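To start, the structure under review is shown below, and the notes come after it.
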2 protein chains.
Amino acid sequence: MEQSAVSVDTVALRFWAGDDTVTLGVAPREWEPFRGRLALPGVLLGRGEQLVAAARRALTTKLGVPDEAIGAVGQLATFDEPNRDPRGPTLSIAMWAVVDEFAPAGQTATQWCSIGNPAKLAFDHNRILAEVRPLLSETLWRRTDFTRVLTGKRFAASRAVELTAALSGAAPDPGNLNRTLKAVPGLVRTEERVRVKATGRPAVVWEWSPDQ
Amino acid sequence: MEQSAVSVDTVALRFWAGDDTVTLGVAPREWEPFRGRLALPGVLLGRGEQLVAAARRALTTKLGVPDEAIGAVGQLATFDEPNRDPRGPTLSIAMWAVVDEFAPAGQTATQWCSIGNPAKLAFDHNRILAEVRPLLSETLWRRTDFTRVLTGKRFAASRAVELTAALSGAAPDPGNLNRTLKAVPGLVRTEERVRVKATGRPAVVWEWSPDQ
DNA sequence: CCAAAAGTGTTCAGTATACACCCATGA
DNA sequence: TCATGGGTGTATACTGAACACTTTTGG
């Protein structure tokens, strides 16, 4: 029986040392339909290919992210609107991925836009983002693999505030977030302080224990 | 590009007036592989077919459930183990469905087995069931469409106890469950009592308000 | 000393869970 | 009247959120 095509569209997040918010990797489409329009990195699922492998392939081929820089990948939800792709019926399995810091090789058209206020994207990608964002927000500080790669091994408490604000859409109470961090398994509070903002008290440094 | 096949495998639940527990619809496979072995009703997703439509088709063709008796359908998760089907790489999208009471038309080989202790099934269907069961348990009393069809329009409180026990795997505290029901939107407590068990106090009848 | 940022302590609402006790029925 | 099942009331724990207040810094 002839089937719908299956594409794997990935929400690729980064939150690097220089970034002041979480951003989302998008790239202009090379071919029709929507040629030139920004879109989530997506690939057609290969025969026998696993979802995580397809998501990684989307990031390397569409965003130019080196494979070593893909820190963690997971499943989100499936979208089955039959007219979502003008080429014909296409299932979209949405995945998330977190991108470690890397040095871009040469010029790429990849853009990193805010998740809270994303660019206008091709297909139904804005709808996918809207449905998927609350899931990501709930995953933060709960799933270690996801969170660990976003924060990096060591991070200041104020970075945790920015990260939470970016994913949830609202600034968290810093005190409550502090207690949330205390309860995250594998996360330990160091004696160290760092200055992050121009003024005010310096922030505590948190660190993931080595086995995480 | 050649792709993996996509099958939609459905966890079809029923909890009819005569049933004393929730059961799961399974049917022996007609063809190889696993010919004769019991399996979840599954179909290959047709081109342009939506997931809910495929799940309904699985129930009508594999279990002999008339379409009007399919009360509610929803998405669960996707399984991508490449060797899960000996015919070749096949993605399985797991769905749930709730089956209303109907009169079976003629002989069918469909069996209804307990979800807590299901038969040995073909493919990785037992694994799918194991992963999916906690999701179903969490959905009960939260998603109205799911719960409403399982209970029927009117039901005794003791039926709610049986239902919860079947999905969660442990008997709930009847008093606490009572308060849970009180908090479910669209569910109202009637003045009526009915005798369910041979002895003991008769149970209160709960009823879904018409607009649900 | 003041403003800004970080962190602590406390309170309060909502939920989940446990369990003692009371109520209604058939035998 | 007693065993059985149904239902109420109450205590306890945990979680999330709100917020006043203290601490540490730069200017």
Side-chain angles (χ1 to χ4, degrees), chain A residues 17 20-21 133-144 147 151 154-185 187-207, chain B residues 17 19-21 134-144 147 151 154-185 187-207:
Chain A
D20 59 348
T21 185
R133 198 180 167 202
L135 303 178
L136 295 173
S137 173
E138 273 175 32
T139 307
L140 185 65
W141 310 119
R142 292 188 210 276
R143 281 196 56 166
T144 314
T147 311
T151 61
R154 296 159 55 78
F155 61 95
S158 35
R159 289 285 286 171
V161 173
E162 290 169 359
L163 176 55
T164 308
L167 285 186
S168 78
D173 182 298
N176 292 337
L177 181 58
N178 216 320
R179 280 181 286 267
T180 302
L181 295 185
K182 214 176 292 181
V184 173
L187 196 51
V188 292
R189 180 184 175 143
T190 67
E191 290 303 308
E192 203 176 335
R193 312 286 136 114
V194 283
R195 164 145 305 284
V196 180
K197 305 290 167 68
T199 175
R201 183 173 175 173
V204 168
V205 174
W206 292 80
E207 189 174 56
Chain B
D19 300 346
D20 58 349
T21 184
L135 302 179
L136 295 172
S137 174
E138 274 174 30
T139 306
L140 185 65
W141 310 119
R142 292 188 210 276
R143 279 196 57 165
T144 315
T147 311
T151 60
R154 296 159 55 80
F155 61 95
S158 35
R159 290 284 288 170
V161 173
E162 290 169 359
L163 176 55
T164 308
L167 285 186
S168 77
D173 182 299
N176 292 337
L177 182 58
N178 216 318
R179 278 181 287 266
T180 302
L181 295 185
K182 211 174 295 179
V184 172
L187 195 53
V188 291
R189 180 183 175 144
T190 68
E191 290 303 307
E192 202 176 336
R193 311 287 133 116
V194 282
R195 163 143 309 281
V196 180
K197 305 290 167 69
T199 177
R201 183 173 175 174
V204 168
V205 174
W206 292 80
E207 189 174 55

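Just so it is clear, the structure is predicted and the values come from calculations on it, not from any experiment. Here is how names work: the chains are called A, B, and so on, in the same order as the sequence lines, proteins then strands, and each is numbered from 1.
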Spacing of [X] atom [atom1] relative to [N] atom [atom2], expressed in whole Å:
{"X": "B:Glu162", "N": "D:dG6", "atom1": "CD", "atom2": "C1'", "answer": "13 Å"}
{"X": "A:Leu177", "N": "C:dG7", "atom1": "CG", "atom2": "P", "answer": "10 Å"}
{"X": "B:Arg201", "N": "C:dC22", "atom1": "CZ", "atom2": "C1'", "answer": "8 Å"}
{"X": "B:Leu181", "N": "C:dT15", "atom1": "CG", "atom2": "C1'", "answer": "16 Å"}
{"X": "B:Arg179", "N": "C:dT15", "atom1": "CZ", "atom2": "P", "answer": "13 Å"}
{"X": "B:Glu138", "N": "C:dT15", "atom1": "CD", "atom2": "C1'", "answer": "14 Å"}
{"X": "B:Glu191", "N": "D:dG6", "atom1": "CD", "atom2": "C1'", "answer": "16 Å"}
{"X": "A:Asp173", "N": "C:dA13", "atom1": "CG", "atom2": "P", "answer": "17 Å"}

Could you check whether [X] gets within reach of a base, just the sugar-phosphate, or nothing at all, counting any heavy atom under 4.0 Å?
{"X": "A:Val204", "answer": "sugar-phosphate"}
{"X": "B:Pro202", "answer": "sugar-phosphate"}
{"X": "B:Arg193", "answer": "nothing"}

* Mapping A:Thr199 and B:Asn176 onto DNA chain D by nearest heavy atom, which one lands closer to the 5' end? ->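 So the residue in question is B:Asn176.
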* Nearest-nucleotide 5' precedence on DNA chain D, A:Arg142 against B:Lys197 ->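 It is B:Lys197 whose nearest nucleotide is closer to the 5' end.
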Any donor and acceptor pair, going by atom type alone, linking the side chain of [X] with main-chain N or O of [Y] inside 3.5 Å?
{"X": "B:Arg179", "Y": "B:Leu181", "answer": "no"}
{"X": "A:Arg159", "Y": "A:Val161", "answer": "no"}
{"X": "B:Ser168", "Y": "B:Ser137", "answer": "no"}
{"X": "A:Arg193", "Y": "A:Ala156", "answer": "no"}
{"X": "A:Thr190", "Y": "A:Val205", "answer": "yes"}

Quick one: is [N] close enough that its OP1 or OP2 comes under 4.0 Å of any side-chain N or O from [X]?
{"X": "B:Arg189", "N": "D:dT8", "result": "yes"}
{"X": "A:Asn178", "N": "C:dT8", "result": "yes"}
{"X": "B:Ser158", "N": "D:dG6", "result": "yes"}
{"X": "B:Arg159", "N": "D:dG5", "result": "no"}

* To do: Between A:Gly200 and A:Gly175, just flag the one whose closest nucleotide in DNA chain C comes earlier from the 5' side.
  =>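 The 5'-side residue here is A:Gly200.
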